[in-house]
Amino acid sequence: MRYMMIVKASEESESGALPTEQELAEMTAYNEQLAKAGVMLDGNGLLSSSEGARVTFAGKGETTVVDGPFTESKELIAGYWILEVASREEAIEWARRVPFGPGGQVEVRRVASEDDFGDALTPELREREQRLREAEEQRRDELAR
């Protein structure tokens, strides 16, 4: 099962403050533990919402764009990990090990799999999704070279 560990933003992360060398060293050590255990598929930090935008949909083709920053830091995301683990409990155990201080928060959410969509994901749509995944993997491989 895949789980996403979502790092909740804080006033500090939204201020644009970057981690210290010590915090980066602790995070790198944690990421190395995830990698050594073979559970980390992806992970990254996000810059403050002042570098982003929100796109709101009013209907097909009707959108509104609002530039950041956004005011409610507790509702924002400052980073994430994608883990492949055996259970929700294992994902929570990894989340409990994140080297955050007081006030840090990580939300653990299961990533949907094809089986979660039932009959709505027809064999044709499954095939198209598989082709997209293969193309993305090939693109990543080419970029890594």
Side-chain angles (χ1 to χ4, degrees), residues 1-57 63-145:
M1 286 182 259
R2 285 182 296 158
Y3 280 85
M4 177 181 250
M5 297 193 317
I6 302 164
V7 177
K8 298 301 217 167
S10 65
E11 287 184 23
E12 184 179 2
S13 68
E14 275 300 294
S15 76
L18 296 175
T20 65
E21 181 180 346
Q22 178 63 35
E23 290 168 332
L24 287 172
E26 290 172 1
M27 194 58 65
T28 299
Y30 175 73
N31 289 339
E32 288 170 339
Q33 291 173 19
L34 292 170
K36 185 177 179 182
V39 299
M40 185 170 160
L41 300 177
D42 191 16
N44 270 298
L46 303 176
L47 296 177
S48 88
S49 67
S50 65
E51 305 258 348
R54 278 196 179 136
V55 179
T56 303
F57 296 84
T63 61
T64 303
V65 177
V66 176
D67 290 330
F70 307 117
T71 56
E72 289 297 321
S73 63
K74 66 183 179 192
E75 295 176 4
L76 300 174
I77 297 170
Y80 70 93
W81 290 271
I82 303 287
L83 305 183
E84 180 77 43
V85 292
S87 66
R88 175 180 174 269
E89 291 72 24
E90 184 179 356
I92 291 170
E93 282 306 311
W94 280 110
R96 293 172 72 126
R97 297 180 196 175
V98 175
F100 289 162
Q105 187 178 42
V106 175
E107 183 177 329
V108 177
R109 302 274 302 271
R110 188 163 165 256
V111 176
S113 69
E114 288 183 353
D115 294 338
D116 294 316
F117 296 103
D119 293 338
L121 188 61
T122 64
E124 295 80 17
L125 289 172
R126 284 179 192 262
E127 185 178 315
R128 287 171 62 187
E129 285 290 327
Q130 183 60 36
R131 281 196 307 266
L132 288 170
R133 285 191 180 96
E134 289 169 358
E136 177 61 21
E137 188 174 324
Q138 181 179 10
R139 187 186 70 77
R140 272 188 262 135
D141 290 346
E142 289 170 1
L143 289 173
R145 291 183 208 155

Participant: Hey, what's the ring geometry for Y30 with W81, parallel, tilted or perpendicular (30° and 60° as the breaks)?
Facilitator: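 Y30 vs W81 ring planes: perpendicular.
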Participant: Answer yes or no: is there a donor N or O on one side and an acceptor on the other, between the side chain of E23 and the main chain of P19, under 3.5 Å?
Facilitator: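 No.
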Participant: At what distance, to the nearest 0.5 angstrom, does CZ of R54 lie from CZ of F70?
Facilitator: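 The CZ atom of F70 is 4.5 Å from CZ of R54, to the nearest 0.5 Å.
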Participant: With a 4.5 Å cut-off on side-chain heavy atoms, are Q33 and K36 touching?
Facilitator: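 Not touching, per the 4.5 Å side-chain cut-off.
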Participant: Salt bridge check, E137 against R140: does any charged N sit closer than 4.0 Å to a carboxylate O?
Facilitator: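 Looking at E137 together with R140, the answer is no, because their closest N to O distance does not fall below 4.0 Å.
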Participant: Are E84 and V39 side-chain neighbours, meaning at least one heavy-atom pair lies under 4.5 Å?
Facilitator: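 No, too far: nothing below the 4.5 Å cut-off.
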Participant: Drop me the distance from N31's CG to E26's CD, to the nearest 0.5 angstrom.
Facilitator: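 N31 atom CG to E26 atom CD measures 12.0 Å (nearest 0.5 Å).
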Participant: Among side-chain atoms of E134 and Q130, is any donor-acceptor pair under 3.5 angstrom?
Facilitator: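 Indeed, the side chains of E134 and Q130 share at least one donor-acceptor pair under 3.5 Å.
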Participant: Taking the side chain as every heavy atom from C-beta outward, state whether F100 and M27 have any pair of such atoms under 4.5 Å apart.
Facilitator: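 Yes. Closest side-chain heavy atoms under 4.5 Å.
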Participant: Can you find a pair of side-chain heavy atoms, one from R128 and one from L125, that are under 4.5 Å apart?
Facilitator: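 Sidechains of L125 and R128: in contact.
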Participant: For residues 104-114, dump all side-chain donor-acceptor pairs below 3.5 Å to protein atoms at least two apart in sequence or in another chain.
Facilitator:
from, atom 1, to, atom 2, distance (Å)
E107, OE1, K8, NZ, 3.0
E107, OE2, R109, NH1, 3.1
S113, OG, D116, OD2, 3.3
E114, OE1, R126, NH1, 3.0
E114, OE2, R133, NH1, 3.3

Participant: Rounded to the nearest 0.5 Å, how far apart are CD of E127 and CG of L132?
Facilitator: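 Reported value, rounded in 0.5 Å steps: 11.0 Å.
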Participant: Could you pull out all residues at least two apart from S50 that satisfy side chain to side chain contact (heavy atoms under 4.5 Å, CB included)?
Facilitator: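 For S50 the side chain to side chain contact (heavy atoms under 4.5 Å, CB included) partners, ignoring immediate neighbours, are S48, P69.
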Participant: Could you tell me if the side chain of T56 sits less than 4.5 Å from the side chain of V66, heavy atoms only?
Facilitator: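 With C-beta onward as the side chain, the pair stays apart.
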Participant: For E142, look at atom CD and say whether over 12 heavy atoms of other residues, nucleotides or ligands are found less than 6.0 Å away.
Facilitator: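 Check passes, neighbour count above 12.
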Participant: Please round to the nearest 0.5 Å and tell me the distance separating atom CD of E75 and atom OG of S49.
Facilitator: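 If I round to the nearest 0.5 Å, the distance is 11.5 Å.
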Participant: Tell me whether the count of non-hydrogen atoms from other residues, nucleotides or ligands lying under 6.0 Å of CD in E21 goes above 12.
Facilitator: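 Open.
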Participant: State the CG-CD distance between L46 and E51, to the nearest 0.5 angstrom.
Facilitator: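 It is 11.0 Å, given to the nearest 0.5 Å.
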Participant: Checking N44 against Y80 for the side-chain contact (heavy atoms from CB on, under 4.5 Å) test, could you report, in this order, the C-alpha distance in whole Å, the side-chain angles of both residues, the deciding distance, and whether it holds?
Facilitator: CA-CA 6 Å; N44 270 298; Y80 70 93; 3.4 Å; yes
Participant: In Å and rounded to the nearest 0.5 Å, what is the CE to CZ distance from M5 to R96?
Facilitator: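 CZ of R96 is found 13.0 Å from CE of M5.
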